Amino acid sequence: MKIRILSDSHDNAERLRAALTRGGNTMDVAVGHATSSDPIGAVNGTVPDIVVLDAFEPSSLDALERLTQRYPTIDPIIITADTSSDFLLQAFRAGVREVLPSAPSAEALQAALARIAHKRGGAATEGKILAMMSCKGGSGATFLATNLAWVLAATHAKRVALIDLNLQFGDAAMFVTNQKPASNLALVCQQIHRLDAAFLASAMIEVAPGFHLLAAPEDPAHATDVKPEHVEAILKVARANYDFVIVDVGRSLDAVSLRPFDMADRIFPVVQLTLPFIREAKRLVEVFVSLGYPMSKVGLIVNRHQKNSDIGLQDLERTVNAKVFKTVPNCYEAVAASVNQGEPIARLAKNSPVTKALREIAESLAAEPEKAGKGWFGRLFATH
């Protein structure tokens with residue numbers, strides 16, 4: 001749920017933010033770019049669910065009414081010194097149902113949110129987080145992650161965010177676009193206090209309609225700016241605003257890279273059918289087991305698969321102790337052309353066996369039941 005706070009006072013805004021997020025509630029709360037006298041500015045590219053207007057003056061009711069008429073899905077909460085019956089009547093006519101006195105308590109704010117949640121009722125769903133990791137360098141995980149994201153967006157009309165978490169040598173953007181990122185993961189983390197859906201979207205490359213990509217740090221030295229709590233916050237915002245969040249985790253295992261695995265709905269180690277890959281896959285799966293991840297969410301993707309390989313899929317599953325989710329055939333020329341041109345393979349080689357495999361993976365993921373959301377009300381007061 002997206003909440004935007006409009007206040008002339010930075011201190012008041014921060015107090016309201018703290019009250020709204022008390023207890024770790026999972027909400028995307030941001031201080032807006034407009035004041036309560038100009039509430040239309042609360043819609044800064046992204047339409048919030050709730051707008052909290054601090055120090056609201058009765059003279060701004062007309063402006064507020066224009067906001068509610070233009071964006072009827074927004075529920076306003078007014079905080080005002082004027083709680084007279086005349087003002088309340090005017091506020092109700094303007095579409096406002098929640099009016100709180102100045103300096104409301106956290107309990108009063110939470111109660112107002114609960115009433116709005118009860119009124120809205122609907123069962124909002126969260127996007128799925130897919131964590132992809134190379135079992136060994138050269139597995140093709142980044143190629144698969146970026147191209148799968150493109151297929152999900154282009155073929156299934158899903159909103160997809162790709163987060164490049166390969167902090168030292170991330171180059172995911174190069175696989176599907178020639179655009180240069182204006183921002184990146186490290187820059188977002190440096191301004192994590194500004195994080196909301198609009199800020200995250202502004203930092204990402206729009207690769208294609210519905211497909212946004214947050215690039216890895218341009219300078220490997222800035223990898224240290226990325227903290228586990230930053231990654232968690234970014235993934236929460238992304239999951240609330242996209243159908244799929246694909247994380248290209250890279251090759252390192254540390255506190256930062258483990259955070260997407262903790263939050264992932266599905267984990268996809270990418271492996272090839274050679275002994276060095278299989279040995280690393282086995283070690284990686286053992287780490288997942290030691291961390292307590294259910295193996296039901298771990299599925300191997302076998303890249304460059306050849307049916308006449310000396311090592312079969314059953315041999316792989318038995319050795320690694322994990323199931324194969326999908327295979328992607330070997331088709332070097334089409335993949336090389338895609339990588340070299342920075343074009344999604346599904347657009348460059350529509351009939352390639354690799355394109356067909358990616359479509360099958362995307363169809364399988366898109367067909368899975370939506371993540372069992374806690375519902376709008378449940379998510380509002382969830383503490384995790």
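Side chains are part of it too, since the values below use all heavy atoms of this structure and drop only hydrogens, waters and symmetry mates. Keep in mind the model is a prediction, meaning the values are calculated, not measured. Sequential numbering from 1 along the given sequence is applied to the chain's residues.
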Between [X] (side chain only) and [Y] (backbone N and O only), is there a donor and an acceptor less than 3.5 Å apart?
{"X": "His230", "Y": "Asp225", "answer": "yes"}
{"X": "Asn340", "Y": "Ala337", "answer": "no"}
{"X": "Arg266", "Y": "Ala131", "answer": "no"}
{"X": "Glu317", "Y": "Val324", "answer": "yes"}
{"X": "Ser257", "Y": "Val249", "answer": "no"}
{"X": "Gln179", "Y": "Glu206", "answer": "yes"}
{"X": "Ser60", "Y": "Ala63", "answer": "no"}
{"X": "Thr68", "Y": "Glu65", "answer": "yes"}
{"X": "Asp265", "Y": "Ile129", "answer": "yes"}
{"X": "Arg194", "Y": "Phe199", "answer": "no"}

Please give me the minimum heavy-atom distance between [X] and [Y], naming the atom from each residue.
{"X": "Ala149", "Y": "Val160", "value": "CB-CG1, 3.7 Å"}
{"X": "Ile205", "Y": "Ala173", "value": "CD1-CB, 4.0 Å"}
{"X": "Leu284", "Y": "Met133", "value": "CD1-SD, 3.8 Å"}
{"X": "Ala349", "Y": "Thr355", "value": "O-OG1, 2.7 Å"}
{"X": "Leu300", "Y": "Ala322", "value": "CD1-O, 3.9 Å"}

Exercise for review: Given side chain to side chain contact (heavy atoms under 4.5 Å, CB included), test Met132 with Ile267 step by step and report yes or no.
Suggested key: CA-CA 6 Å; Met132 301 186 70; Ile267 298 174; over 6 Å; no
Nearest 0.5 Å, please: how far is [atom2] in [Y] from [atom1] in [X]?
{"X": "Ser183", "Y": "Leu200", "atom1": "OG", "atom2": "CG", "value": "9.5 Å"}
{"X": "Leu187", "Y": "Asp219", "atom1": "CG", "atom2": "CG", "value": "10.5 Å"}
{"X": "Asn178", "Y": "Gln341", "atom1": "CG", "atom2": "CD", "value": "11.0 Å"}
{"X": "Leu144", "Y": "Phe175", "atom1": "CG", "atom2": "CZ", "value": "9.5 Å"}
{"X": "Leu152", "Y": "Ile246", "atom1": "CG", "atom2": "CD1", "value": "5.5 Å"}
{"X": "Arg304", "Y": "Ser139", "atom1": "CZ", "atom2": "OG", "value": "11.0 Å"}

Does this structure show an ion pair linking Lys282 with Glu286, if we count only N-O contacts that are shorter than 4.0 Å? yes
- Query: Do the charged groups of Glu98 and Arg115 touch, with an N to O distance under 4.0 Å?
  - Reply: yes
Less than 4.5 Å apart, side chain to side chain, heavy atoms only: is that true for [X] and [Y]?
{"X": "Val271", "Y": "Asn303", "value": "no"}
{"X": "Phe56", "Y": "Asp82", "value": "no"}
{"X": "Leu20", "Y": "Leu113", "value": "yes"}
{"X": "Val245", "Y": "Leu130", "value": "no"}

Crowded around [X] [atom1]? As in, over 12 foreign heavy atoms under 6.0 Å?
{"X": "Asp310", "atom1": "CG", "answer": "no"}
{"X": "Lys297", "atom1": "NZ", "answer": "yes"}
{"X": "Glu343", "atom1": "CD", "answer": "yes"}
{"X": "Glu363", "atom1": "CD", "answer": "no"}
{"X": "Asp171", "atom1": "CG", "answer": "yes"}

Using 30° and 60° as the class limits, which term best fits the ring planes of Phe261 and Tyr293: parallel, tilted or perpendicular?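 Phe261 vs Tyr293 ring planes: tilted.
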Paired with Thr142, the side chain to side chain contact (heavy atoms under 4.5 Å, CB included) test is passed by just one of Val339, Asp248, Asp164, Val270, namely Asp248
Report task. Compute both the distance and the angle, then confirm whether Lys158 meets the cation-pi test with Phe244: under 6.0 Å from the six-membered ring centre, within 45 degrees of the axis. Result ->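 Because its charged atom misses either the 6.0 Å distance or the 45° angle limit, Lys158 does not stack over Phe244.
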### Query
After noting the C-alpha distance and the side-chain angles of Lys227 and Cys189, does the key distance pass the side chain to side chain contact (heavy atoms under 4.5 Å, CB included) rule?
CA-CA 8 Å; Lys227 308 297 183 187; Cys189 292; over 6 Å; no
